[in-house]
There are 2 protein chains.
Amino acid sequence: MEEEKQTIRAVERALDVLLTFTAGNDLGLTEISQRVGLHKSTVFRLLATLEHRGFVIRDEATEKYRLGLRVLELSASLQREDDPALMLIGEMERLRDQLGETISLYVRDRKDRVRIQAVQSQQAIRRVAPVGARLPLSVGASSKILLAFAEPEVQDLLLHDPSWPASLSPETYKEQLREIARAGYATSFEEREPGAAAISAPIFGRNGKLFAALSVSGPSNRLTPDSMLESAPAIVGAAKRMGAMIG
Amino acid sequence: MEEEKQTIRAVERALDVLLTFTAGNDLGLTEISQRVGLHKSTVFRLLATLEHRGFVIRDEATEKYRLGLRVLELSASLQREDDPALMLIGEMERLRDQLGETISLYVRDRKDRVRIQAVQSQQAIRRVAPVGARLPLSVGASSKILLAFAEPEVQDLLLHDPSWPASLSPETYKEQLREIARAGYATSFEEREPGAAAISAPIFGRNGKLFAALSVSGPSNRLTPDSMLESAPAIVGAAKRMGAMIG
DNA sequence: ACCAATGTTTCGTAGAGTGGAACGGAAGAA
DNA sequence: TTCTTCCGTTCCACTCTACGAAACATTGGT
C-alpha cells in the first residue's frame, strides 16, 4: 500500500535536524540529537554540514545552534512577483479595518495547513498570527473550509489517513463538511485554542479550484457565534472578490 | 591551510540543489543537474528526498520543481519575537517618508551581505529591495560600511579571501575603508547597478559592535553625490537612534 | 576537587549512496 | 504515421561514505 519513494537517509536526517528549529529557540547539540533520535556524532556532522552552507549558525555567546540567513534567502525566492498572497494584502487590510480582527490566509500543504499571509488586528487584545505557521487540518474554521472544498478524492484520503485523529469519525465529519460546503463558510469556537474563535470562507481561483481559505480570527468574547453569523456575508464577499483578483 | 570540517557529501549536495532555487523560476530535473554538476539520477534522488520533507514541490501543470512551503515555515522561525529587524521598521518608515527613497538593512553573513529588512519607496520610480537578497561584500555603499566597521581581523580575512575580486587591491581598498570609518558613512554611485545610488551608515549595538548597515537607495538622478552629502546627517542620525533601540 | 553534562575526534565496518546504463513516455520533426 | 530527441525514472553492482561506539576534551556546577 505504502509507496515508498527512494530517498537518501543522510539528507532526510539533515532535513529533520533543520526542522527541529521550527520550535523557535536556539538548541544545543545534545538536545537536537535527542529530539531527532540520532547519535550525537551523527547530528554533529549533520550540523557541521548545515553550518557550512549557512543554513544554521552558532550563537557566539551561548554556542548554541540557530537558523542561518540562508533560509531567509530561500524564503525570498519562494515569493514570486505574481505571488497571490502579495496581491491580496490590500483586500485583507480592508477587511481587517472593517472588522477590526486579524485576517489570515491558509493553504493546504500535504496533510497540514500553512498560513501564507496575515494582517494583524490593531486592537490591544488580538490574535497574533505569524506567517509560515503550520497547523493541523483537523481543527479550526479554515481547516474545515480547506477540507470541505477540496477535491473529493483528497478529502477521502485525508480523512482516512493515519495522521487523522482517531477521535474524529470520518463519516460524521464528512457530513459536517457537506453542511459547510452548503453554507459557504465555516466557524470555530474555542476549538484549537481556548479563548479564540474564527470564521473562514473559501477563495476560488479562475479555474474553479480552491486556492486558499480566508480567515478572520480573534478573542471569543468579541467573535461570538452571533457576531460571526452577522459578519459572515462580508467575509464570504471579500473571499469572492479575492478569487477574482488572482489568475 | 584550509581547515576542512568533516561534512556529509550527500547533504551538501542536497543543500546545493535547494540553493539552486534562489534563481527564482521553476526548474526541471535536467536543468538542476546541469547547474549543480551532478548526475541526473543523483539529483533525482536528492529531489525526491527534499520533496518528501516538503522543501520542494512539483508544479502540477509543468511538472517542474519549485520551493515548498516548508521553507516559509523555517523562515518564520528565523524571526524571534525580539527580532531587531522587526523593531526597526518604524524608524525605517520614518526615514523613508523623510527622504522618499527605499530603506534597507544589511547584515554581514560570512562573505556576503544579506538584506534582512526593507521598506520600499512610494515613488513611481524607485529601488525595489526584496528582503532576503544576498549581495557581494565588495561593492555598494553598505558593503563598505560592513567592512569598514568590522573587527580588524575579519576585515583582513575578507579582503584577502580568494573570493575577493582580484581587481580590487586590498591595500588601497583598506585605505578607502579607513576614510569611510572617519566620515561615518559611505556612498556608492552606479557601482553595482547602473542608474542606482545609495548612502549607508552603521548601526552599532549596545556592546559597541557593528550590528547592521542602514542604507538609502534610489535612482542616481535623484540620489546625486550632492544630495547624498546633504542627507547624510539625517541617515547617520537615524542609524544612531536605531542602535539605541536594540538590546 | 570532583562529578556531570556537553561538544568533538577517531576509527573499523556495514551498507548506503553513487553513476553508468537502460527503460518508458512525451513532444516534435520529417 | 514513423523516426528522433529529450526528459524523467528505474535498475544494479561497486566503492567509498556515512555511521555509531567509544574515547577524549572542555566546561560548569556543587
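The shown structure was predicted, so the numbers you read here are calculated from the model rather than taken from an experiment. A note on names: the letters A, B, ... follow the listed sequences, proteins ahead of strands, and every chain is numbered from 1.
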task = Scan for salt bridge (charged side-chain N to carboxylate O under 4.0 Å, His left out) pairs involving residues 202-211 of chain B, sequence neighbours excluded, and state none if there are none.
result = A:Glu60-B:Lys209

Close approaches to DNA chain D from residues 7-26 of chain A, in residue order (heavy atom, under 4.0 Å) = A:Arg9, A:Ala10, A:Arg13

message = Do A:Asp109 and A:Arg134 have side chains that approach each other closer than 4.5 Å (heavy atoms only, starting at C-beta)?
response = yes

ask   = Does A:Thr62 have any side chain to side chain contact (heavy atoms under 4.5 Å, CB included) partners at least two apart in sequence or in another chain, and if so, which?
value = A:Asp59, A:Lys64

remark   = Rounded to 10°, the helix from C:dA1-D:dT30 to C:dC23-D:dG8 deviates from straight, judged by its five-pair end axes, by 50°

query = Does anyone know the first and last nucleotide of DNA chain C in reach of chain A, 5' to 3', at under 4.0 angstrom to a heavy atom?
reply = C:dT6 to C:dT18

With a cut-off of 3.5 Å and sequence neighbours excluded, list every side-chain donor-acceptor pair involving residues 17-27 of chain B.
{"residue": "B:Thr20", "atom": "OG1", "partner": "B:Asp16", "partner atom": "O", "Å": "3.0"}
{"residue": "B:Thr20", "atom": "OG1", "partner": "B:Val17", "partner atom": "O", "Å": "3.1"}
{"residue": "B:Thr22", "atom": "OG1", "partner": "B:Leu19", "partner atom": "O", "Å": "2.6"}
{"residue": "B:Asp26", "atom": "OD1", "partner": "B:Arg66", "partner atom": "NE", "Å": "3.3"}
{"residue": "B:Asp26", "atom": "OD2", "partner": "B:Arg66", "partner atom": "NE", "Å": "3.2"}
{"residue": "B:Asp26", "atom": "OD2", "partner": "B:Arg66", "partner atom": "NH2", "Å": "2.5"}

inquiry  = Once side chain to side chain contact (heavy atoms under 4.5 Å, CB included) is applied, do any residues pair with B:Ser104, and if so which ones, sequence neighbours excluded?
reply    = B:Thr102, B:Tyr106, B:Arg115, B:Ala118, B:Ala129, B:Ser215

inquiry  = Tell me every residue that passes side chain to side chain contact (heavy atoms under 4.5 Å, CB included) with A:Lys174, counting only those two or more places apart in sequence or in another chain.
reply    = A:Gln155, A:Asp156, A:Leu159, A:Arg178

query = What pairs meet the ring pair (Phe, Tyr, Trp, His ring centres under 6.0 Å) rule with one or both residues in residues 54-79 of chain B, with sequence neighbours excluded?
reply = none

Please list, pair by pair, any protein nitrogen or oxygen found under 3.5 Å from a nitrogen or oxygen in nucleotides 25-28 of chain D.
none

inquiry  = Tell me which pairs pass ring pair (Phe, Tyr, Trp, His ring centres under 6.0 Å) where either residue lies in residues 139-160 of chain B, with sequence neighbours left out.
reply    = B:Phe149-B:Phe204

Within the sub-3.5 Å range, which N or O atoms of nucleotides 6-10 of chain D have a protein N or O partner, and how far apart are they?
{"residue": "D:dG8", "atom": "OP1", "partner": "B:Leu29", "partner atom": "N", "Å": "3.0"}
{"residue": "D:dG8", "atom": "OP2", "partner": "B:Leu29", "partner atom": "N", "Å": "3.4"}
{"residue": "D:dG8", "atom": "OP2", "partner": "B:Thr30", "partner atom": "N", "Å": "2.7"}
{"residue": "D:dG8", "atom": "OP2", "partner": "B:Thr30", "partner atom": "OG1", "Å": "2.5"}
{"residue": "D:dG8", "atom": "N7", "partner": "B:Lys40", "partner atom": "NZ", "Å": "3.0"}
{"residue": "D:dG8", "atom": "O6", "partner": "B:Lys40", "partner atom": "NZ", "Å": "3.1"}
{"residue": "D:dT9", "atom": "OP1", "partner": "B:Arg58", "partner atom": "NH1", "Å": "2.8"}

